[in-house]
**Q** 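One structure coming up, written as structure tokens, with questions to follow.
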Amino acid sequence: MEELVEKFRFKLSLTSTDFVRSLGSDINWNARLIGVKGARGVGKTTMLLQHIKMNLTKVLDKTLYVSLDSIWFSNNTLVDLADDFVKKGGEYLFLDEVHRYDNWSQELKNIYDDYPMLKVVFTGSSLLQILNARADLSRRAITYTMQGLSFREYLSIETGHHFDTLTLESILSNHSKESALINAKVKPLQYFDAYLKQGYYPFYKEELDLYVPRLEEVINMMLEIELPLLRGLDLAYVNKIKQLLLIISESVPFIPNVSKLSEKIGIARSTLLLYFHYLAEIGLTINLFKESGGISKLQKPLKVYLENSNLMYALTSSAANTGNIRETFFANQLGYTHKIMYSDKGDFLINEKYVFEIGGKDKSMKQIEGIENAFIAADGIEYGFQNKIPLWLFGFLY
């Protein structure tokens, strides 16, 4: 175990706490078993190490962080690690990328039941089925989902200013006041385009010139490692899925014609619908449906967006469609904490109550005229008026 401790201490020494994600303050760190799911690259590892550095330095000898893709686990089990750690006085165990370990759910259950003095935090892929895993962790684990940087968080990193999160209701009823408070500190539109291109994944701060290649690597690892590992995807289909993502990225937005699409890329209709479901699960797309209940894996989405606008710039070599970029941003920022659905009128129905039309600064209310609780989210404006709200302001919801 000494080599694991050495690697942990080295990683911890390199961890900066200059900026901390807002999710860190929402987690109940006192719980005995905590799970954090999220797409690759959104910052789960950094959040764990920051929490340790800011809160557990006085008990560092009782704390251990380890990634479960470590070669150490080729000859050792997770239960072995926990047992040895507890015998040496360990109290706080942080397990990264548990989906890379075959029997993670059963062994976590055993650790929870057998070592009540141990607090465990684990992270995993968006595909992690914590509640439906072979071992019943639903009664044991408190789970959270982590998304990439919000526009609010990106602005904080870039400017050093603190900005409070806003509720959707405060934006809808007080957007002029909220916009004024923010504009008094910074000019959001000065940063908005850069965020849409390369500000969603925290690693943009490391080497901006390498951002797109790194993002391409993230996409490839999701498709070539996580989907085959966790959903049994045949590697022979990976190129077809990449082709599907390219089509989505170049659309305005993508409204799937499943029959034509399955013929074009050579995938059976039922398989194609299953892949739409998997892409949303893994955090590469957002699928919109009209129904508010449970969605079948073989139900056709009515609209499909990439999960965030940065993916559009990484996937397409042509100029990304402006309308699709705007709608993708809105869907991404709203979909994290709100119910987002397809709407016959307008672009989105939020929380089964609010209708939104997305557009540029000259967008009128014509398409949603006469609809109750209807709003325009307009790009290119610093301040709104009545039911016309700056698009960037919806980036302050988390």
Side-chain angles (χ1 to χ4, degrees), residues 21-27 36-39 42 126 131 142-155 163-175 178-179 182 188 192 195-196 199-200 253 277 279-295 299 301-311 324-359 368 371-379 384 387-398:
R21 299 293 303 279
S22 58
L23 178 62
S25 60
D26 296 334
I27 292 175
V36 182
K37 297 196 300 179
V42 296
S126 296
L131 303 184
I142 298 176
T143 61
Y144 299 87
T145 299
M146 191 174 202
Q147 186 159 289
L149 294 171
S150 67
F151 181 53
R152 179 192 72 85
E153 291 175 312
Y154 175 80
L155 270 183
F163 301 95
D164 292 329
T165 56
L166 303 176
T167 65
L168 179 59
E169 286 67 28
S170 68
I171 290 176
L172 300 184
S173 60
N174 297 307
H175 60 86
E178 301 292 1
S179 297
I182 296 165
F192 193 48
Y195 168 78
L196 294 174
Y200 184 70
H277 178 77
L279 287 173
E281 270 193 322
I282 204 171
L284 284 175
T285 66
I286 297 171
N287 299 342
L288 294 192
F289 301 87
K290 198 170 185 178
E291 295 78 5
S292 59
I295 304 300
Q299 187 171 345
L302 298 176
K303 275 186 182 179
V304 181
Y305 296 91
L306 292 180
E307 198 272 343
N308 64 82
S309 59
N310 288 194
L311 292 172
N324 198 359
I325 293 170
R326 292 166 176 163
E327 292 183 32
T328 297
F329 166 79
F330 185 88
N332 170 267
Q333 303 285 286
L334 269 289
Y336 184 45
T337 55
H338 298 81
K339 182 181 290 184
I340 182 167
M341 296 165 57
Y342 174 86
S343 178
D344 289 324
K345 295 183 178 180
D347 293 314
F348 301 100
L349 177 63
I350 303 298
N351 295 346
E352 301 185 37
K353 180 179 181 180
Y354 304 111
V355 173
F356 285 90
E357 180 75 15
I358 317 300
I368 51 175
I371 301 175
E372 188 178 1
N373 293 319
F375 300 86
I376 297 287
D379 193 13
N387 283 23
K388 191 170 187 177
I389 303 170
L391 176 63
W392 59 261
L393 192 58
F394 293 96
F396 282 69
L397 290 168
Y398 73 91

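Quick caveat, the model's predicted, so the values are computed rather than measured. Residue numbers start at 1 and run along the sequence shown. Atom set for the values below is all heavy atoms of this structure, side chains included, hydrogens, waters and symmetry mates excluded.
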**Q** Mind listing the closest non-hydrogen atom pair of S309 and I325 along with its distance?
**A** CB-CG2, 4.2 Å

**Q** Do S170 and N174 have a side chain donor and acceptor closer than 3.5 Å?
**A** no

**Q** How about K303 and I286: do any of their side-chain heavy atoms sit closer than 4.5 Å?
**A** no

**Q** Is it the case that Y398 and E153 place a side-chain donor and acceptor less than 3.5 Å from each other?
**A** no

**Q** Measuring from atom OG1 of T165 to atom CG of L397, what distance do you get when rounded to the nearest 0.5 angstrom?
**A** 8.5 Å

**Q** Under the side chain to side chain contact (heavy atoms under 4.5 Å, CB included) rule, collect the residues that match up with D26, sequence neighbours excluded.
**A** L23

**Q** Where do P253 and N324 come nearest, in terms of heavy atoms and distance?
**A** CB-OD1, 3.9 Å

**Q** For T145, does its backbone N or O pair with a side-chain atom of Y336 as donor and acceptor, under 3.5 Å?
**A**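 Side chain of Y336 to backbone of T145: a pair is present.
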
**Q** If you measure from CG on L166 to CG on L393, what distance do you get to the nearest 0.5 Å?
**A**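 CG of L393 is found 6.0 Å from CG of L166.
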
**Q** L334 versus F394: any side-chain heavy-atom pair under 4.5 Å?
**A**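 They are in side-chain contact.
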
**Q** Looking at every non-hydrogen atom in both residues, tell me the closest pair between N332 and Q147 and how far apart they are.
**A** O-NE2, 3.0 Å

**Q** Identify the two heavy atoms, one from L149 and one from Q333, that lie closest to each other, and give their separation to 0.1 Å.
**A**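 Between these two residues, the closest heavy atoms are O-NE2, 4.2 Å.
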
**Q** Taking the side chain as every heavy atom from C-beta outward, state whether I358 and L391 have any pair of such atoms under 4.5 Å apart.
**A** yes

**Q** Could R152 and D164 be called an ion pair, given the rule that one side-chain N must be under 4.0 Å from one carboxylate O?
**A**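 No, this pair does not count.
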
**Q** What heavy-atom pair brings L349 and K353 nearest, and what distance separates the two atoms?
**A** CD1-N, 3.7 Å

**Q** Taking the side chain as every heavy atom from C-beta outward, state whether E327 and Y305 have any atom pair closer than 4.5 Å.
**A**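 In short, these two side chains touch, coming nearer than 4.5 Å.
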
**Q** Taking N287 as the fixed residue, which of V304, L279, L302 is the one that meets the side chain to side chain contact (heavy atoms under 4.5 Å, CB included) rule?
**A** V304

**Q** Take L168 and H338 through the test side chain to side chain contact (heavy atoms under 4.5 Å, CB included) and record every step on the way to the result.
**A** CA-CA 9 Å; L168 179 59; H338 298 81; 3.6 Å; yes

**Q** Sequence neighbours excluded, which residues qualify as salt bridge (Lys or Arg N to Asp or Glu O under 4.0 Å) partners of E281?
**A** R231

**Q** Answer yes or no: is there a side-chain heavy-atom contact under 4.5 Å between I371 and I368?
**A**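 They are in side-chain contact.
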
**Q** Show, in sequence, the C-alpha distance, side-chain angles and deciding distance for T143 and V36, and conclude whether the side chain to side chain contact (heavy atoms under 4.5 Å, CB included) test is met.
**A** CA-CA 6 Å; T143 61; V36 182; over 6 Å; no

**Q** Give a yes or no on whether the backbone of N310 and the side-chain of N308 come within a donor-acceptor separation of less than 3.5 Å.
**A** yes

**Q** With ring centroids as reference points, do F192 and F329 lie under 6.0 angstrom apart?
**A** yes

**Q** Is there a side-chain contact between K339 and E352 in this structure, where contact means two heavy atoms from C-beta onward sitting under 4.5 Å apart?
**A** yes

**Q** Identify which one of F356, Y354, W392 satisfies the ring-ring contact (aromatic ring centres under 6.0 Å, His included) criterion when paired with F330.
**A** F356

**Q** Kindly state whether the ring of F348 and the ring of Y342 have centres lying under 6.0 angstrom apart.
**A** no

**Q** State, to 0.1 Å, how close G283 and S126 come at their nearest heavy-atom pair, and which atoms those are.
**A**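 The pair with the smallest heavy-atom distance is N-CB, 4.5 Å.
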
**Q** Roughly how far, to the nearest 0.5 Å, is CG of D347 from CD1 of I376?
**A**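 Separation between the atoms: 8.5 Å.
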
**Q** Calculate, to the nearest 0.5 Å, the distance between atoms CZ and OG belonging to R21 and S150 respectively.
**A** 7.0 Å

**Q** Roughly how far apart are I282 CD1 and L284 CG, rounded to 0.5 Å?
**A**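 Between atom CD1 of I282 and atom CG of L284 there are 5.5 Å.
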
**Q** Is the number of heavy atoms from other residues, nucleotides or ligands within 6.0 Å of CD (E169) greater than 12?
**A** yes

**Q** Apply side chain to side chain contact (heavy atoms under 4.5 Å, CB included) to K388 and F375, showing your working.
**A** CA-CA 6 Å; K388 191 170 187 177; F375 300 86; over 6 Å; no

**Q** Are side-chain heavy atoms of Y144 and K37 found at a separation under 4.5 Å?
**A** no

**Q** Going by heavy atoms in the side chains, are S343 and V355 under 4.5 Å from each other?
**A** yes

**Q** When rounded to the nearest 0.5 angstrom, what distance separates CG in D379 from CZ in R326?
**A** 4.5 Å

